[in-house]
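Below, all heavy atoms of this structure are taken into account, side chains as well, without hydrogens, waters or symmetry copies.
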Amino acid sequence: MFLAVIFTEDFKERAIIPEKHYFEKNETIEMHCHDFVEIEFLLKGEVEHIYNNNTTILKPGDCVLIVPHDFHAVHAKTDVEIWNIHCDINIIDEDITNTFSMRMSQNFFCHFNSQEATEISHCFERILSEQDSRLLFSNIAEKLLLHELIIRIIRRTDNSNNHIPNLTQKMITYVHTHFRENISLGALASQFSYTPNYTGMIFKQNTGMSFNRYLNHIRLKYACNMLRFSSFPIKDIALMAGYSSVEHFLYTFKK
């Protein structure tokens with residue numbers, strides 16, 4: 001039975017939650033998504049990792065970054081030791097969250113060699129150490145270490161969207177953050193203090209899609225994952241994906 005809930009994390013006390021997990025052979029975490037950023041770094045063993053319907057066998061040194069609303073599942077093929085971080089996306093630098101949005105069709109997966117893997121593992125340990133120490137500015141040190149970790153992962157994966165202007169990247173991030181709400185081109189324009197006509201023009205110019213087409217693309221990607229991995233009724237999925245009615249969703253889905 002697949003899970004189809006959006007897991008949430010209580011970040012009131014800590015915005016970054018690092019943990020080392022141990023899984024026994026054949027232990028499974030079923031398909032799910034969440035509203036926070038997660039990083040998994042395999043230390044020992046082998047894991048079958050399903051990420052947005054793509055299956056990869058993770059081995060020591062492999063690292064995966066999962067962004068909000070992406071679906072993933074984990075199955076331990078052997079006994080496993082893994083570093084894991086949950087973090088509030090709101091503490092991550094805007095340029096990085098823009099990159100998450102720009103690369104919606106790409107999974108953040110990479111491999112580090114043995115020397116690099118030692119450095120990555122040490123980064124996790126230092127984040128945990130800063131939390132335990134409660135020293136002056138430890139929260140700032142944690143964020144710096146987290147950003148270092150995320151940047152190293154992103155640099156290891158394709159970075160083909162640097163040509164898109166920063167303003168458009170911010171607009172795309174806004175769409176990804178609010179697609180489940182009743183947003184419109186007018187609301188997007190108001191957010192950035194431009195007219196709807198100008199906003200629509202530069203959005204299409206830099207993405208190759210109109211605002212409405214891009215919004216539907218994001219909503220349908222989310223809805224398709226829900227259809228694959230959940231037993232929710234279509235009506236509920238339509239509303240969860242941001243559509244005002246099931247009829248509108250079905251019309252858009254067919255089209």
Side-chain angles (χ1 to χ4, degrees), residues 4-8 32-37 51-54 65-72 88-90 92-108 158-230 232-255:
V5 295
I6 300 178
F7 292 148
T8 60
H32 63 281
C33 68
H34 37 67
D35 60 357
F36 50 85
V37 173
Y51 186 6
N52 290 333
N53 221 29
N54 295 315
L65 187 152
I66 300 103
V67 300
H69 306 304
D70 280 349
F71 285 76
H72 73 122
D88 186 348
I89 194 170
N90 295 309
I92 299 176
D93 183 87
E94 184 181 57
D95 287 340
I96 293 176
T97 56
N98 287 344
T99 299
F100 294 162
S101 301
M102 295 304 303
R103 292 162 60 182
M104 62 180 182
S105 61
Q106 179 182 349
N107 295 343
F108 292 91
D158 179 45
N159 195 18
S160 59
N161 292 299
N162 283 338
H163 64 283
I164 297 180
N166 186 256
L167 174 61
T168 306
Q169 291 185 25
K170 291 179 179 180
M171 290 180 176
I172 289 171
T173 298
Y174 182 85
V175 175
H176 279 254
T177 305
H178 299 279
F179 74 90
R180 301 177 72 206
E181 304 168 13
N182 183 26
I183 64 172
S184 64
L185 179 60
L188 180 67
S190 176
Q191 181 71 19
F192 294 95
S193 302
Y194 291 111
T195 65
N197 285 342
Y198 179 75
T199 301
M201 180 189 71
I202 62 172
F203 193 93
K204 185 172 184 178
Q205 192 176 64
N206 292 307
T207 65
M209 296 187 196
S210 68
F211 168 80
N212 285 332
R213 184 181 172 193
Y214 190 90
L215 176 61
N216 276 321
H217 180 74
I218 301 301
R219 285 174 168 171
L220 285 173
K221 176 191 172 186
Y222 179 79
C224 284
N225 278 329
M226 293 296 288
L227 289 167
R228 284 193 191 103
F229 303 131
S230 81
F232 281 121
I234 292 178
K235 179 180 179 181
D236 291 352
I237 291 173
L239 296 176
M240 291 168 71
Y243 290 95
S244 58
S245 67
V246 67
E247 291 80 14
H248 184 201
F249 168 67
L250 292 175
Y251 170 79
T252 306
F253 188 88
K254 280 186 177 182
K255 187 178 179 180

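- Of all heavy-atom pairs spanning Cys33 and Phe71, the tightest one is SG-CZ, 3.9 Å.
- The shortest side-chain heavy-atom distance between Tyr251 and Lys255 falls under the 4.5 Å cut-off.
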**Report entry** Derivation and outcome, side-chain contact (heavy atoms from CB on, under 4.5 Å), residues Ser230 and Ile237
**Finding:** CA-CA 9 Å; Ser230 81; Ile237 291 173; 3.9 Å; yes

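- Counting only heavy atoms from C-beta outward, the side chains of Val175 and Tyr214 approach each other to under 4.5 Å.
- Under a cut-off of 6.0 angstrom, the local environment of CZ in Phe253 is sparse, with at most 12 non-hydrogen atoms contributed by other residues, nucleotides or ligands.
- Within the model, atoms NE2 of His176 and CG of Asn98 stand 10.0 Å from one another, a figure rounded to the nearest 0.5 Å.
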Report task. For side-chain contact (heavy atoms from CB on, under 4.5 Å), just list the numbers for Ile172 and Asn206, CA-CA rounded to whole Å, side-chain angles, deciding distance to a tenth of an Å, and then say yes or no. Result -> CA-CA 10 Å; Ile172 289 171; Asn206 292 307; over 6 Å; no

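- Between Tyr194 and Leu167, the shortest heavy-atom distance links the atoms CE1-CD2, 3.7 Å.
- For the pair Met240 and Arg180, the tightest heavy-atom approach, listed with the atom from each and the gap, is O-NE, 2.8 Å.
- Rounding to the nearest 0.5 Å places CD of Glu247 at 8.5 Å from NZ of Lys235.
- Nearest heavy atom pair, residue Ala238 against residue Ser245, reads CB-O, 4.3 Å.
- Other residues, nucleotides and ligands place no more than 12 heavy atoms under 6.0 Å from the CG atom of Asn182.
- In this structure, Met171 and Ile202 have side chains that are in contact, with non-hydrogen atoms separated by less than 4.5 Å.
- The nearest pair of heavy atoms linking Pro196 to Gly186 is CG-CA, 4.3 Å.
- Only one option out of Phe249, Tyr222, Phe179 pairs with Tyr243 in a ring pair (Phe, Tyr, Trp, His ring centres under 6.0 Å); it is Phe249.
- Here the side chains of Leu185 and Phe203 are not in contact, with every heavy-atom distance at 4.5 Å or above.
- The line from NE2 of His32 to CG of Asp70 is 11.0 Å long, rounded to the nearest 0.5 Å.
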Report task. Using the side-chain contact (heavy atoms from CB on, under 4.5 Å) rule, take Met209 and Leu215 through it: C-alpha gap first, then chi angles, then the decisive distance, then the call. Result -> CA-CA 9 Å; Met209 296 187 196; Leu215 176 61; over 6 Å; no

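- The shortest non-hydrogen separation linking Leu65 to Phe100 is CD2-CE2, 3.8 Å.
- Put simply, the side chain of Thr195 does not reach to within 4.5 Å of the side chain of Met201, judged on heavy atoms.
- Counting heavy-atom neighbours within 6.0 Å of Ile234 CD1, excluding the residue itself, gives a total of 12 or less.
- Residues that satisfy the side chain to side chain contact (heavy atoms under 4.5 Å, CB included) test with Thr177, not counting sequence neighbours, are Thr173.
- The side-chain heavy atoms of Thr97 and Asn90, taken from C-beta on, include no pair separated by under 4.5 Å.
- Ring geometry for His72 against His34 counts as perpendicular: the plane angle is over 60°, on a 0 to 90° scale with 30° as the lower cut.
- Contact check for Leu188 versus Ile183: no side-chain heavy atoms found under the 4.5 Å cut-off.
- Looking only at side-chain heavy atoms (C-beta outward), Val67 and Ile89 stay at 4.5 Å or farther from each other.
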